[in-house]
Amino acid sequence: MKQFRLALFVCQMTGVLALATLGCEREPVGPPDNPFDDIVFPEPPVTAAPPDSASIVGLHQYIFAQSCAVPGCHDGNFEPDFRTIQSSFNTLVYQPVIKNTQDEAFTWRVVPGDVDASWLYYRVTTVDQVLGRMPLYDQALTEGQLKAIRTWIEQGAPDLLGNPSNFPNTQPRITSLAAFIDFNGFPFRVDTIRNGQTYNPFGTLHNRNMTIWIGVEDDSTAIGDLEQVRLRFADHWDDFDPFTEVAMTYSPSPQVVPDYFGPGQPASFYWKATLNTGQFPPNKITFMRFLANDGAHDEDYQFPDRPHPIEYKLFMAFYPAL
């Protein structure tokens with residue numbers, strides 16, 4: 001019996017030693033094979049397909065960047081801003097027209113789905129010598145380029161990702177201005193006294209009470225609900241530091257000016273400010289800037305701002321004569 005137990009013990013120890021020996025002699029296991037190491041990529045690399053010419057990407061690449069984003073023009077100095085695809089889209093679709101036709105026929109630069117109502121298409125096809133066909137001082141766009149613009153608008157002016165454009169909540173916009181001075185107890189309109197030029201500063205009298213009415217509209221906020229409505233005054237069209245500022249008040253009963261936009265086309269004004277022209281230098285031009293907020297934007301709307309043409313800055317100005 002003892003011999004059997006001894007033999008069993010020897011066998012067990014022999015097995016343990018054998019396992020220990022195998023453990024010492026086994027080589028370390030390395031990391032698993034990477035299944036991606038065997039992928040053979042095509043040569044040459046696959047290139048992206050050219051953008052659709054009737055997309056905002058194609059329009060920017062083939063038209064706006066080449067023909068319009070020239071130094072000093074649509075390079076961020078003036079809107080539309082054609083420096084990038086995003087800036088092109090953001091300054092075109094449902095963006096207010098600044099330099100309009102004489103009859104103010106257009107509201108937005110691009111109206112998705114409506115070529116005839118889109119200012120962009122009018123400007124690249126117009127024969128109006130005063131406005132000028134875009135691009136200025138260059139060859140007219142080809143029929144193929146015009147077709148691409150038409151197609152993009154007709155398809156809803158989709159954005160960079162192909163999403164259709166929705167009507168946004170835009171900033172307020174000025175539509176008109178009227179000014180009256182108290183002349184011997186009677187209101188006398190002075191904003192028409194511009195020496196025969198539409199965009200000249202208007203003449204007024206020094207040291208007189210003057211009421212300035214501003215016509216303004218907004219796409220989603222009631223006119224009477226606009227906030228922080230005010231006028232700023234400075235002696236330079238762009239440099240409003242320092243400035244004088246007066247708050248404007250809302251009048252539920254508008255000031256109606258007959259034939260303002262032409263025969264039978266009156267204008268109604270709801271926001272006004274009354275001030276004395278004696279606080280401004282006589283026989284010098286004073287420039288105005290209208291500010292308001294519709295409650296939906298962090299920044300106030302300002303008109304005219306730096307990007308606006310000088311004509312609008314002169315229109316929003318007056319000359320108090322002694």
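Source: prediction; values computed, not measured.
Considering all non-hydrogen atoms of both residues, Phe315 and Leu177 come closest at CE2-CB, 4.0 Å. The two residues Asp114 and Ser118 have their closest heavy-atom pair at O-OG, 2.7 Å. Contact between Val111 and Ile153 at its shortest, heavy atoms only, is O-CG2, 3.5 Å.
Two rings, from Phe243 and Phe233, have their centers 6.0 Å or more apart.
Panel note: side chain Thr151, backbone Ala54; no donor-acceptor pair is recorded below 3.5 Å. Panel note: side chain Thr286, backbone Phe318; no donor-acceptor pair is recorded below 3.5 Å. No donor-acceptor pair under 3.5 Å is formed between the side chain of Arg208 and the backbone N or O of Asn276. Distance alone, capped at 3.5 Å, places no donor-acceptor pair between the Gln155 side chain and the Trp152 backbone. A donor-acceptor pair under 3.5 Å is formed between the side chain of Ser165 and the backbone N or O of Ala157. In this structure, the side chain of Arg230 engages the main chain of Gln228 through a donor-acceptor pair within 3.5 Å. A side-chain donor-acceptor contact under 3.5 Å links Lys313 to the backbone of Arg306. A side-chain donor-acceptor contact under 3.5 Å links Asp191 to the backbone of Ala179. Side chain of His206 to main chain of Phe280: a donor-acceptor pair is present (N/O by atom type, distance under 3.5 Å, no hydrogens or angles).
Atom-to-atom distance recorded for Arg133:CZ and Gln139:CD is 9.0 Å, nearest 0.5 angstrom.
Under 4.0 Å is where a charged nitrogen must lie from a carboxylate oxygen, and between Glu245 and Arg289 no such pair does. Ionic pairing of Asp235 and Lys284 is not present here: no N-O contact between side-chain nitrogen and carboxylate oxygen is shorter than 4.0 angstrom.
Annotation: side chain of Ser176 is in contact with side chain of Tyr260 (closest heavy-atom distance under 4.5 Å).
Tyr301 and Arg173 are not linked by any side-chain donor-acceptor pair at a separation below 3.5 angstrom, with hydrogens and angles left out of the test. Between the side chains of Asn293 and Asp300, at least one donor-acceptor pair of N or O atoms lies under 3.5 Å. There is no side-chain donor-acceptor pair under 3.5 Å between Thr126 and Asp128. A donor-acceptor contact closer than 3.5 angstrom links the side chains of Thr211 and Thr274.
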